[in-house]
Number of protein chains: 2
Amino acid sequence: MNKSKQPTIKEIAKRLKISTSTVSRALNDHPSIGLVTTMRVKKLADELNYEPNRTAIFFKQRKTFTIGVILPSLSEAFFSAAISEIENFANSKNYTVILGQSLDDPERELRIINTMKGHRVDGIILSSAKNTREFEYIEILRKAGIPIVFFDCVPDLPEINAIVSNLKTGMKEAIDTFVSCGHRNIAFINGPAHLPASKEREEAFTEALVSNKVPLNRDFVVYTDLSEKGNADAILQLINLSQRPSAVVSFNDYVTLDAMNAVRSKGLTVNQDIFFISYANYPIWKYMENPPMASIEQLPGKQGALAAEMLFDLIDRNVDLNTDDPIATEGQKIVLESKLVNQHV
Amino acid sequence: MNKSKQPTIKEIAKRLKISTSTVSRALNDHPSIGLVTTMRVKKLADELNYEPNRTAIFFKQRKTFTIGVILPSLSEAFFSAAISEIENFANSKNYTVILGQSLDDPERELRIINTMKGHRVDGIILSSAKNTREFEYIEILRKAGIPIVFFDCVPDLPEINAIVSNLKTGMKEAIDTFVSCGHRNIAFINGPAHLPASKEREEAFTEALVSNKVPLNRDFVVYTDLSEKGNADAILQLINLSQRPSAVVSFNDYVTLDAMNAVRSKGLTVNQDIFFISYANYPIWKYMENPPMASIEQLPGKQGALAAEMLFDLIDRNVDLNTDDPIATEGQKIVLESKLVNQHV
DNA sequence: CTGTTAGCGCCTTCAT
DNA sequence: ATGAAGGCGCTAACAG
């Protein structure tokens with residue numbers, strides 16, 4: 001009976017006996033509309049509780065004012081810090097953020113990307129799943145004209161846009177600190193060898209030892225697949241050496257947590273028999289009785305903000321050219337230095 | 001020059017020299033379209049890499065196949081568990097989830113709700129910010145025909161849909177456990193008095209003491225605003241009593257973490273001088289050298305799944321009636337029992 | 001300054 | 001079994 005529903009510009013136009021285009025323009029503060037008309041329109045819109053139908057606008061403008069952010073996990077402190085900043089930046093541009101978590105599963109990751117593409121997001125920020133090896137989606141998104149910015153876990157490809165963290169500076173500081181505390185037997189629990197992040201860490205580790213004139217013991221470099229068991233196995237390998245290390249740098253804080261548990265289970269004491277430093281600066285450390293000696297901070301918030309900024313640059317450029325092959329300027333990378341912080345002990 | 005772009009049904013129709021309606025129907029497996037035609041259409045669609053323009057569909061169908069989930073924080077373990085299950089459920093229905101974090105700020109919460117409303121989400125799942133006192137948005141969303149399901153932090157109103165956790169069962173078990181371990185001086189750090197969740201916990205605390213014939217000491221009930229300082233102050237109040245408690249139930253795990261730090265700073269030892277049990281079962285406990293004695297599990301995953309299920313019921317009903325005043329059946333509530341788990345010590 | 005017209009891509013009566 | 005036509009709400013040439 002009553003077709004109540006949401007009021008439209010048509011409704012406003014009818015009541016005011018003017019055309020819909022005038023209403024539309026008035027609502028958007030178009031300069032060429034008379035002040036009085038504009039006021040009348042806005043007043044009525046207010047009274048009617050008018051709200052533009054964004055689905056119509058999205059449709060018409062071929063833009064959704066929405067960006068997608070895909071991360072391995074929403075709950076890791078590193079990522080939630082990044083999310084917050086991305087959201088802030090996006091909101092300040094009146095964009096909405098859609099989040100997805102890949103759970104480090106490449107299939108899931110691809111599915112999320114396709115969903116977001118289906119929803120016509122205007123751009124994507126992605127920290128790739130740890131074991132994604134195929135990056136066809138880059139091509140897919142390129143064809144669809146959806147710009148993408150990587151951060152944190154970045155594929156080793158030339159033509160991509162990314163915020164990357166220089167892992168070396170922090171590693172250098174970590175080793176320097178260990179050495180200055182008298183450690184000579186310094187080990188390294190690295191992540192999966194195929195990851196660029198692992199390669200870079202390992203190079204940095206080797207270089208830092210050299211520059212400190214500490215001989216590199218091959219047995220002191222072990223690997224984990226980042227699973228709980230992998231992490232425990234890695235530290236056990238080190239502990240079981242005839243000469244075990246007194247200091248360990250590990251891939252990240254989650255590795256360190258598992259490693260510490262394993263250390264304790266062997267009757268050893270953290271920060272006494274063995275010391276840790278790892279990447280990430282997990283906020284929970286302040287609640288631990290024996291936290292790592294220090295953390296290598298990677299500034300997730302900053303990375304997120306920069307990623308967002310870069311993405312919006314690309315989106316705006318897209319609009320300007322607003323044509324085929326939009327993403328001409330590919331391959332920009334911004335490097336952020338990691339650094340040692342929180343001397344917890 | 002080349003209007004490459006995405007193919008549309010029009011394009012397909014032109015190439016096949018049939019009408020767009022036929023293409024549309026074929027693509028949607030409409031029964032009245034001949035098998036051959038259907039095949040031809042689908043084949044060409046495939047070749048052209050056709051993908052329906054969802055923004056057009058959203059617009060046309062007045063549905064976005066998107067639900068909004070708003071939580072105080074995405075990084076709290078409790079919420080990420082809930083998110084995962086909500087996502088799973090939604091994805092199985094081909095819905096997309098958009099997430100928002102209120103950071104316990106009522107203003108921010110309201111803004112997010114309005115944004116989501118603007119994006120025309122089909123429904124919302126909400127764990128309200130701790131200190132939201134005004135719930136006008138319920139009315140706003142009702143008018144907009146957007147169903148809403150609460151969980152975890154649920155306003156104390158009759159006409160809302162919600163998944164609620166029965167906090168009493170877990171509290172009873174917690175007190176029973178303390179008593180059976182010989183504790184008689186049992187204290188309680190409660191959250192803000194205005195929260196339904198606080199009221200329920202306190203009732204449960206009192207009842208459980210009574211049923212265990214332990215006298216209630218008024219000094220043993222203190223409050224925190226859930227800030228780090230508030231948490232520390234609360235436990236210090238207890239510690240500084242002439243007769244201090246030997247066991248403490250606290251509002252949640254985050255309170256306990258701060259309390260434990262404060263305890264240590266006073267030279268006392270957790271799980272020796274003082275024992276804790278709290279709500280939530282934070283996954284980090286297994287990495288702590290002195291975790292709480294046990295946790296009261298609230299099954300966030302289950303709550304999330306139930307909330308999603310309830311929301312989709314409401315959405316489907318909305319479609320069926322597909323009329324004004326859609327949410328006739330308001331006020332269903334599902335209660336989930338909390339229970340004691342993880343005897344960590 | 002304002003109105004007219006057209007169309008975004010898709011679905012859906014209503015015909016045939 | 002298929003086509004023609006209209007419209008969702010909004011914006012944007014193109015006219016005046």
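Keep in mind that the numbers below use all heavy atoms, side chains included, and drop hydrogens, waters and symmetry copies. Order of the sequence lines fixes the chain letters, A, B, ..., with proteins taken first and strands second; residue numbering starts at 1 for each chain.
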Problem - A:Ser128 side chain reached by A:Glu109 side chain, heavy atoms, under 4.5 Å - result: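 A side-chain contact under 4.5 Å exists here.
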Exercise for the section: Please examine the side chains of A:Tyr50 and A:Ile9, heavy atoms only from C-beta on, and report whether any two atoms are closer than 4.5 Å. Expected result: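 They are in contact (side-chain heavy atoms under 4.5 Å apart), so the answer is yes.
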Exercise for the section: Residues of residues 11-28 of chain A with any non-hydrogen atom less than 4.0 angstrom from an atom of DNA chain C: list those, numerically ordered, please. Expected result: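 Correct list: A:Ile18, A:Ser19, A:Ser21, A:Thr22, A:Arg25.
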Exercise for the section: Go through residues 38-53 of chain B and report each residue with a non-hydrogen atom lying under 4.0 Å from DNA chain C, sorted by number. Expected result: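 Result for residues 38-53 of chain B: B:Tyr50, B:Pro52, B:Asn53, sorted by number.
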Exercise for the section: Taking atom types as modelled, find out whether B:Ser84 and A:Gln101 have a side-chain donor-acceptor pair closer than 3.5 angstrom. Expected result: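 A:Gln101 and B:Ser84 do have a side-chain donor-acceptor pair below 3.5 Å.
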Handout entry: Any side-chain donor near an acceptor of the partner, A:His119 and B:Thr96, under 3.5 Å
Key =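 There is such a pair between these side chains.
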Problem - Check: A:Lys60 side chain, C:dC8 base, donor-acceptor under 3.5 Å - result: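 Not at all, since no donor on one side and acceptor on the other fall under 3.5 Å apart.
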Handout entry: Nearest-neighbour nucleotide for the B:Gln61 side chain, C:dG7, C:dT2, C:dC11 considered
Key =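 Closest nucleotide to the B:Gln61 side chain: C:dC11.
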Without decimals, in angstroms, what is the distance between [X] [atom1] and [N] [atom2]?
{"X": "B:His30", "N": "C:dC10", "atom1": "NE2", "atom2": "P", "value": "18 Å"}
{"X": "B:Lys10", "N": "C:dG9", "atom1": "NZ", "atom2": "P", "value": "7 Å"}
{"X": "A:Ile57", "N": "C:dG7", "atom1": "CD1", "atom2": "C1'", "value": "16 Å"}

Practice task
With heavy atoms under 4.0 Å as the rule, sort B:Thr55 into base, sugar-phosphate or nothing.
Solution key: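 If one applies the 4.0 Å heavy-atom cut-off, B:Thr55 turns out to touch nothing in the nucleic acid.
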Practice task
Give one of base, sugar-phosphate or nothing for B:Ser32, where a contact means two heavy atoms less than 4.0 Å apart.
Solution key: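 Answer is base: heavy atoms of B:Ser32 come under 4.0 Å of a base.
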Problem - B:Phe89-B:Phe312 aromatic ring centre distance below 6.0 Å - result: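 Ring centroids of B:Phe89 and B:Phe312 are less than 6.0 Å from each other.
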Exercise for the section: Answer yes or no: does atom NZ of B:Lys333 have more than 12 heavy-atom neighbours from other residues, nucleotides or ligands under 6.0 Å? Expected result: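 It does: B:Lys333 NZ has more than 12 such atoms within range.
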Handout entry: From CG (A:Leu71) to CG (B:Leu74), nearest 0.5 Å
Key =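 It comes to 10.0 Å.
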Problem - Nearest-0.5 Å distance that lies between atom CG in B:Asn114 and atom CD in A:Glu51 - result: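 Between atom CG of B:Asn114 and atom CD of A:Glu51 there are 7.0 Å.
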Is a side-chain N or O of [X] found less than 3.5 angstrom from the main chain of [Y], in a donor-acceptor match?
{"X": "B:Thr64", "Y": "B:Arg120", "value": "yes"}
{"X": "A:Ser102", "Y": "A:Asp104", "value": "yes"}
{"X": "B:Asp105", "Y": "B:Glu107", "value": "yes"}

Problem - Outermost DNA chain D nucleotides near chain B [under 4.0 Å, heavy atoms] - result: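 Contacts span D:dA1 to D:dG9, reading 5' to 3'.
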